[in-house]
Structures are given as structure tokens and as C-alpha cells.
Amino acid sequence: MTIKKSLVLFVVLMCVALWVSVANAQQAAPTPQINLMPVPASVTFHPERLTVDASFKVATRGHSDDRLKAAIARFVKRLEGRTVLTFEPGLAVDDQMTQLIVHCDGPGRNVPSVAENESYRIDITRRQAILKAPTVVGAIRGLETLLQLLNADRNGYFLPGVLIEDQPRFPWRGLMIDIARHFQTMETLKRNLDAMAAVKLNVFHWHLTEDQGFRVESKKYPKLHQLGSDGNYYTQEQVKEVIAYARDRGIRVVPEFDIPGHSTSWLVGYPELGSAPGPYTIERRPGIFEPALDPTREEVYKFLDGFLSEMAALFPDEYLHIGGDENEGKQWDRNPAIQAFMKEKGIKDNHALQAYFNTRLLKILQKNNKKMIGWDEILQPELPKDIVIHSWRGTAALAEAARKGYHGILSNGYYIDLIQPASQHYAADPLPADSTLTPEQAKHVLGGEATMWAEWVTPETIDSRIWPRTAAIAERLWSPRTVTDVNDMYRRMAIVSLQLEELGLMHKRNQDMMLRRLARHEDIGPLQTLVSVIEPVKEYRRYQMRPQTMLSPLTGVVDAALPDAEGARRFTWMVKEFLADAPRYQLYRAELTQMLAEWQESGAELGPMIDRSPALKEIKPLTKGLSEMGDVGLEAISYLRLGQPPTREWREATTLKLDEAAKPYAALEFMVVPAVKQLVQAAVEIGQPRRAPASSTQ
Ligand code: ACM
């Protein structure tokens with residue numbers, strides 16, 4: 001081979017190698033070991049750092065306004081809080097000595113919009129950090145990233161050298177809070193808006209009316225809030241305050257008035273709007289109820305015109321959510337006048353009647369320059385293409401809407417009230433990899449919303465049902481689709497969870513407070529041990545197991561217990577590592593042994609605690625389960641250590657114990673039963689030919 005030929009071959013091989021490594025990098029999309037959540041679109045680290053000390057100063061370049069200055073002031077306050085450093089107050093002049101330059105090109109939209117440019121770029125060198133954004137909202141997103149970048153070592157605090165270029169995958173990234181089933185205070189809403197901004201969510205969907213409450217002041221029809229809310233409603237001044245607070249954080253506020261169903265509370269003050277004569281009282285139970293507005297009477301549309309025009313003026317967002325879900329039309333079926341109307345107009349069924357209702361609503365919204373958004377049920381051919389279908393039924397429904405040319409957002413998979421693990425929400429994607437939509441159709445999929453339905457949350461517990469899991473949903477909606485490493489998501493989510501506490505979120509701190517109240521004592525160790533491995537039952541089983549109404553206190557162990565129970569996750573992970581370490585069985589053995597011994601002990605200690613606290617009586621069966629799983633787990637580990645298979649009697653007794661521990665009590669269930677079963681199974685299989693270990697990716 002000539003030198004020239006080998007050179008050509010060498011270059012070709014290098015190119016192939018490079019191409020392969022790039023292709024691999026794209027395919028595997030390794031999440032960098034960073035603590036950012038959501039993961040930015042592009043991150044490149046370089047080996048330098050910008051020191052953050054008492055001389056830290058911020059200056060603006062280009063556009064500046066009150067909203068930007070307020071965002072920078074909040075940023076500085078949090079940076080001071082974390083570092084315990086005092087910076088000189090106010091903005092600095094833009095010079096070589098200023099550590100952070102925020103360079104904004106313009107204000108962006110006056111009213112936060114789905115069309116807002118939220119992109120930003122961060123360039124950090126040892127001299128300076130420059131945050132550049134086309135809009136103030138982009139700068140606000142970047143400031144949150146900067147706070148997440150803050151790091152420290154023995155030399156002090158610093159921002160790592162990095163180049164980040166970031167923009168969201170979807171323009172609609174929301175959190176719906178139902179404040180109707182249970183009312184939430186202004187403080188609760190504000191701290192949740194802060195948390196939303198921290199993970200770059202940009203739509204607060206305010207579910208304002210339900211069977212169980214009408215929660216916004218109407219000056220035109222005051223009996224709505226006066227008789228429909230028990231006095232728990234937001235004044236129009238408070239609504240404006242929330243909208244301003246959200247706007248300051250680059251968050252839209254989309255109000256929902258759920259009609260024609262879910263409307264009992266409207267009818268308490270105005271029974272004449274209903275499809276049955278009434279009288280009506282505020283609904284106190286959870287569930288789906290019959291009351292529905294009468295879609296056949298002109299007075300109803302006159303009322304809705306008055307009310308929705310009032311609300312359209314109050315809420316500046318271009319969208320107004322009309323709900324439209326779960327109207328079963330039972331009142332319509334029984335009302336002779338409605339049946340006669342349908343016959344006369346040739347309306348063939350209740351779905352068509354609701355379509356007629358929606359078409360009338362649409363005219364009212366259009367007159368007020370609002371676009372309509374509603375749940376899946378509203379989809380019908382007569383509606384214009386600028387409406388948004390809010391899919392609670394699934395990606396298939398969403399894709400179908402997109403194929404027909406309708407915009408849509410996804411909430412199926414993001415029902416955070418169902419107490420499912422963050423990993424499950426993380427896997428739900430508005431545009432999954434196997435989507436068959438054309439690129440043109442895919443553009444109709446605008447994003448998604450986490451939905452906090454509020455049958456079982458109060459201001460005391462709502463944060464723990466929203467956070468930190470909603471951070472995983474926020475990442476799904478912001479980050480590239482290829483960001484899917486579940487273990488890394490949990491690692492970063494745990495970090496973000498602590499940062500949310502600095503914003504006043506109570507998702508972690510309230511648990512101990514609630515346990516102290518239940519225990520009537522400062523020492524809650526055994527109770528903490530129990531709640532670290534149990535979770536509330538999933539989906540809609542809680543009500544079946546432990547019926548309550550909207551008037552019941554939500555202060556039981558089921559309310560203190562959290563989704564994604566941390567002790568259970570840790571135990572499950574350690575068991576997997578321990579069993580993979582066969583036949584040594586050394587890895588995590590000490591930790592597992594300690595944990596199981598704690599279960600034994602706590603199970604016993606809970607007895608006297610329950611005797612002192614009658615409210616804890618309902619968890620008595622769980623204390624037995626906790627102790628017995630401790631016993632069984634320790635015994636299994638001991639068999640494995642000795643390499644001795646257990647007797648058949650042990651195996652049978654153990655099976656009975658674990659079957660019992662698998663039963664939920666007090667709407668609570670152990671999340672560690674499968675892992676304990678794995679230990680037992682491994683012990684039972686001692687001496688049998690070993691199967692290949694399961695793949696150790698979670
Ligand atoms: C819904 O879950 N009924 C929107």
C-alpha cells in the first residue's frame with residue numbers, strides 16, 4: 001500500500017469512527033451528569049468555572065423592563081439564600097467585572113402566549129456568565145437554569161463553564177389545579193406558580209367550577225359564588241393578582257368553566273339554568289353527577305353570554321376552557337321539553353345536543369376574541385380548527401384530533417391525582433416515538449398538562465401530590481424526546497425537590513408535621529419508617545376503600561403518605577443489587593439488614609403509639625405486615641448467606657405472610673412486597689440451577 005493510499009484509508013476509517021460515535025451519541029443520548037431538570041436541548045461543558053462570591057453582580061444589556069428586573073431580583077435572592085452570601089443590592093453597570101450579564105432582545109408578548117419565544121442561551125466562562133434571550137420569558141427560563149447550575153466545593157460556590165442552547169420541545173406545558181373540589185389559598189397557588197416556573201412550565205390551567213364548588217366572583221351573577229362556594233372563592237381582585245403573579249413568571253393562566261355537566265354548584269343560585277327543576281345543593285361527594293345546564297333554552301345562552309363575557313374580560317389569555325367532560329345527559333333524557341327540542345331540530349342524541357351547545361358557546365367565545373379549549377368530548381366536525389382538544393383519554397384520541405387538523409394537548413398519563421410513580425408519567429409522551437402522524441399533523445400537538453384533581457387534597461397536602469413528580473412531566477414536555485433515562489430522572493428530581501423547598505413548597509416538610517399530629521408526640525420514628533414504604537392506593541381505589549366527602553378532614557396516614565415512597569424505592573433497588581451479587585450476597589447486605597431490622601422494631605413500637613392515638617387505629621394491620629416483612633426478609637438473607645435452602649414449612653408460612661402484607665388497609669399499600677418476594681424466591685431457589693440474572697436496567 002502506498003503512503004497516499006494508506007492515508008486515504010486512515011482518513012476514511014477515522015470518518016467512519018467519528019460518524020459511528022456521533023450516531024451512537026445521538027442514539028443513546030446520554031444525559032450528562034448534570035443536575036438540570038428539565039434537561040436542556042444542548043449542553044456543552046468546558047473545564048473552567050465562574051466563582052460566585054460576595055462580589056457577585058448582575059447587569060442587563062439590551063432590553064430591560066420591570067418584569068425582567070423583578071425576575072433578576074428573585075434570582076439574586078435565591079442565590080443569596082443558597083450561598084449565605086450578601087451581594088450588593090441593585091443591578092450593576094455592564095462591564096468586564098460583572099459576573100452575570102442578562103442580555104434580552106425585547107419584551108416578548110405583553111400577555112403570555114402559546115406563541116412566546118422561550119429560548120435562551122447561557123455561556124459561562126471563568127470571567128463571566130452571559131444569558132442571552134430574545135424575550136424576557138426566555139431570560140426567566142435561563143435564570144432558572146443558572147440557579148440549577150450553581151455548584152460548590154471546598155473552594156466555594158461556582159457556576160461551571162458551560163454553553164447551553166435551549167428551547168422547549170412543546171409550547172404548551174401546563175399544570176391544571178382543581179381548586180373546586182377543595183379550595184386552595186392564594187399562598188398555595190403562588191408557591192405552586194413559583195414551582196412551575198422553576199421547572200419551566202408555562203400554563204396554569206385554573207379549574208374554577210365543579211359540582212362541588214363555584215370559585216370565582218361574578219359581579220353579574222353574584223349568586224354563583226355566593227351560594228355555590230361556602231364562601232371559598234377568589235375575588236376578581238385576587239384573580240388579577242394571580243394572573244399578574246403568573247405573568248411575572250412567564251406563565252399563562254387559562255380558566256376553565258366546566259359545562260354543561262359538572263355544574264351542580266352553578267344551579268344552587270340559579271336552578272333555572274338546569275335541566276331539572278331543582279332545588280340544588282352543593283355536591284359533597286366525589287363522582288360524576290347528573291346536573292347539567294339546559295342546552296335548549298335561550299335564557300341559558302343569555303346567561304352564559306353575560307357570564308363568559310365577564311370572565312373573558314377578566315382573564316387575558318387567548319384561550320378559555322369550557323370543560324365539556326363526562327356529561328352523561330341523564331337529566332336531558334328525562335326532560336320532555338329537551339326531548340321535544342331535539343326532535344324538532346333533528347338532534348339525534350345527547351352527543352349531538354352537546355355539540356349544538358358547544359356551537360352556541362363558540363359564538364360567545366368568538367365575540368369575546370377567545371379560542372375554545374375543551375376535553376376530548378367536545379371534538380365534533382362543526383368546530384373551527386383553532387380550538388384545542390384537551391385529551392384525557394389518550395394519545396390515540398390526541399392523534400385522531402391532530403389528523404383532523406385540530407390542535408391538542410395531552411393529559412392522559414399525567415393524572416397526578418392517581419398517585420402513580422413519576423416514572424410512569426415520564427413515559428407518557430404527547431408525541432411518542434411510534435407516532436404515525438406526519439410532521440405537519442404533529443405540529444398540532446401543542447404539549448400537555450399535569451392534572452391535579454382535588455377530591456383528596458387540601459392546602460396542607462396538595463404540594464406533595466403535585467411535587468416533585470410534576471417535574472418529571474415538565475421535563476417530558478420541555479426536553480428532547482431522547483431524554484428518557486429513568487434512574488437519572490429520579491436522581492435529578494430528588495435535587496430539584498429540595499430546591500422547591502426554598503420556594504416555600506411543603507411537599508416534604510408537611511409529612512413530619514402531619515405524623516406528629518397523628519402521633520400526638522414528637523418522636524415519630526416508627527411512623528416514619530412505616531410511611532417510607534407505603535403509598536396511598538392508586539387510581540380511584542381510595543374512595544372505595546375509605547369513603548369520605550369533600551367536608552372530611554384529609555389528615556389521616558393516607559394523606560401523609562407520599563407517592564414514589566422513598567424507602568420503598570431504595571429497598572427495591574438494593575435488593576436488586578444484592579441478588580445480582582450472587583453467590584457472594586455482599587452488596588448492600590448491611591444496609592438491607594439494618595432496614596429490615598428497623599421494620600421489625602417499628603412494627604412493634606407502633607402498637608403503643610396506636611393505643612395513644614385512636615386516629616392511627618386504622619393502620620394496625622399494616623404494623624403487623626411491617627414486622628413480618630422484616631422477619632421474612634432477614635430470614636431470607638440469612639438462608640442466602642448460608643447457602644441453605646429453607647424448609648417447605650418456612651416457604652408456606654412465608655407465602656401466607658406476604659399475601660397478607662400485599663393487601664391494602666386504610667387505603668394504603670406496601671410498596672416493598674415484590675422486593676421481599678424476590679428475596680424469598682432467591683432463598684427458595686438455593687441449590688437449584690441458576691437462571692441468567694435479569695437485566696439490571698430499571
Ligand atoms: C376528566 O378527567 N373528566 C377530564
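Both counts, for ligands and for their atoms, begin at 1 and track the order of listing. Any value given below was found using the heavy atoms of this structure, including those in side chains, with hydrogens, waters and symmetry copies removed.
Close contacts between ligand 1 and Y415 involve ligand atoms 1 (C), 2 (O), 4 (C) [criterion: under 4.0 Å to a heavy atom].
No salt bridge links E116 with R109; every basic N to acidic carboxylate O contact stays at or beyond 4.0 Å. Remark: R465 does not engage D417 in a salt bridge, criterion side-chain N to carboxylate O under 4.0 Å.
Distance CG/L365 to CG/N358: 9.5 Å, rounded to 0.5 Å.
The protein heavy atom nearest to atom 3 (N) of ligand 1 is D325 OD2, 2.7 Å.
Taking distance alone, with nitrogen or oxygen atoms compared against 3.5 Å, E326 approaches ligand 1 more closely than that limit.
The ring of Y356 has its center closer than 6.0 angstrom to the ring center of F341.
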